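Computed from a predicted structure; not experimentally measured. What you see below is based on every heavy atom in this structure, not just the backbone, and it leaves out hydrogens, waters and symmetry mates. Chain A is the first sequence line, chain B the second, and so forth, proteins listed ahead of strands; every chain is numbered from 1.
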Amino acid sequence: KAGVTQTPRYLIKTRGQQVTLSCSPISGHRSVSWYQQTPGQGLQFLFEYFSETQRNKGNFPGRFSGRQFSNSRSEMNVSTLELGDSALYLCASSSGGGVTQYFGPGTRLLVL
Amino acid sequence: GEDVEQSLFLSVREGDSSVINCTYTDSSSTYLYWYKQEPGAGLQLLTYIFSNMDMKQDQRLTVLLNKKDKHLSLRIADTQTGDSAIYFCAESPLSGGYNKLIFGAGTRLAVHP
């Protein structure tokens, strides 16, 4: 089975812009979670989508949003980018009822 | 509250055993996990343990769980240079379902000859 894929792998944006990141889960997995990884804050949970519905949400401002499509692919969007949004954004998939999550390679976002 | 703590750095000699420790705060956590991250890569699931277990062994990896003290450890036997990476401990609080993981800051393992 192919693993979790994320596109793009690297992205450079400027403050005030918006960005959309994409995640394709492992085939058959219906749950997609997003995490932000920064040197200062570590790994933090953003949100989880299951069957096109947001099932769980972390403590991030409303500038961070996501969605999931009927094929389980997910996108996350960050509007009005700030310098502090520079991070590695990781997506993870699971079967939904399972206890294990498998992570993609991440998208590294740099905000200038 | 939800918090996971790990020591930040561990250095071992090749062939020795490594023990990485972690403490967590949420007693409702049903599963606890160990992930590995190599430079420039995502997270690789190494192993996990259900909260009603004391120990789990998987080849070179042994996980010990002391639920009373909320202490989790990962032992890597016969540590190799390829084991050099950052190791993250994570808990899954019951309130978040299985898929909201709370991670520690990670322990950087350096293996030297």
Under 6.0 Å from the CZ atom of B/R108, do we count more than 12 heavy atoms belonging to anything else shown?
no
Side chains of B/N99 and A/S33: is there a donor and an acceptor less than 3.5 Å apart?
no
If you count every heavy atom of other residues, nucleotides or ligands that lies below 6.0 Å from A/R9 atom CZ, does the total exceed 12?
yes
Taking all heavy atoms of A/Y102 and all of B/L45, pick out the closest pair and write down the distance.
CE2-CD2, 4.2 Å
Cluster overlap B/W34 with B/M53, hydrophobic side-chain contacts below 4.5 Å
yes
Taking all atoms of both residues into account, what is the closest heavy-atom pair of B/L101 and A/Y35, and its distance?
N-OH, 3.0 Å
Say whether A/Y89 and A/F45 are linked into one hydrophobic cluster, either directly or through other cluster members, by side-chain heavy-atom distances under 4.5 angstrom.
no
Is it the case that atom CG in B/N52 sees more than 12 heavy atoms from other parts of the structure closer than 6.0 Å?
yes
Checking heavy atoms, do the side chain of B/Q37, its backbone, both or neither come under 4.5 Å from chain A?
side chain
Which portion of A/L88 sits near chain B, non-hydrogen atoms under 4.5 angstrom:
side chain
Interface moiety of B/A41 toward chain A, non-hydrogen atoms closer than 4.5 Å
backbone
Greatest number of non-hydrogen atom pairs under 4.5 angstrom with chain B, of A/Q41, A/Q37, A/R108, falls to A/Q37
If you apply the rule ring-ring contact (aromatic ring centres under 6.0 Å, His included), what do you find for A/F103 with B/Y35, and how did you get there?
CA-CA 10 Å; A/F103 282 78; B/Y35 281 87; 5.2 Å; yes
Under a 4.5 Å side-chain heavy-atom rule over Ile, Leu, Val, Met, Phe, Trp and Tyr, are B/Y33 and A/V32 clustered together?
no
Decide if atom OH of B/Y48 counts as having more than 12 heavy atoms of other residues, nucleotides or ligands within a radius under 6.0 Å.
no
Judged by atom type as modelled, is there a donor-acceptor pair below 3.5 Å linking the side chain of B/Y31 to the main-chain atoms of A/T100?
no
Quick check on B/E5: does its CD atom have over 12 non-hydrogen neighbours (other residues, nucleotides or ligands) under 6.0 Å away?
no
Can you say whether A/L43 sits under 4.5 Å from chain B via the side chain, the backbone, both, or neither, judging by heavy atoms?
both
Note: vs chain B, highest number of non-hydrogen pairs under 4.5 angstrom among A/C91, A/P105, A/G42 is A/P105
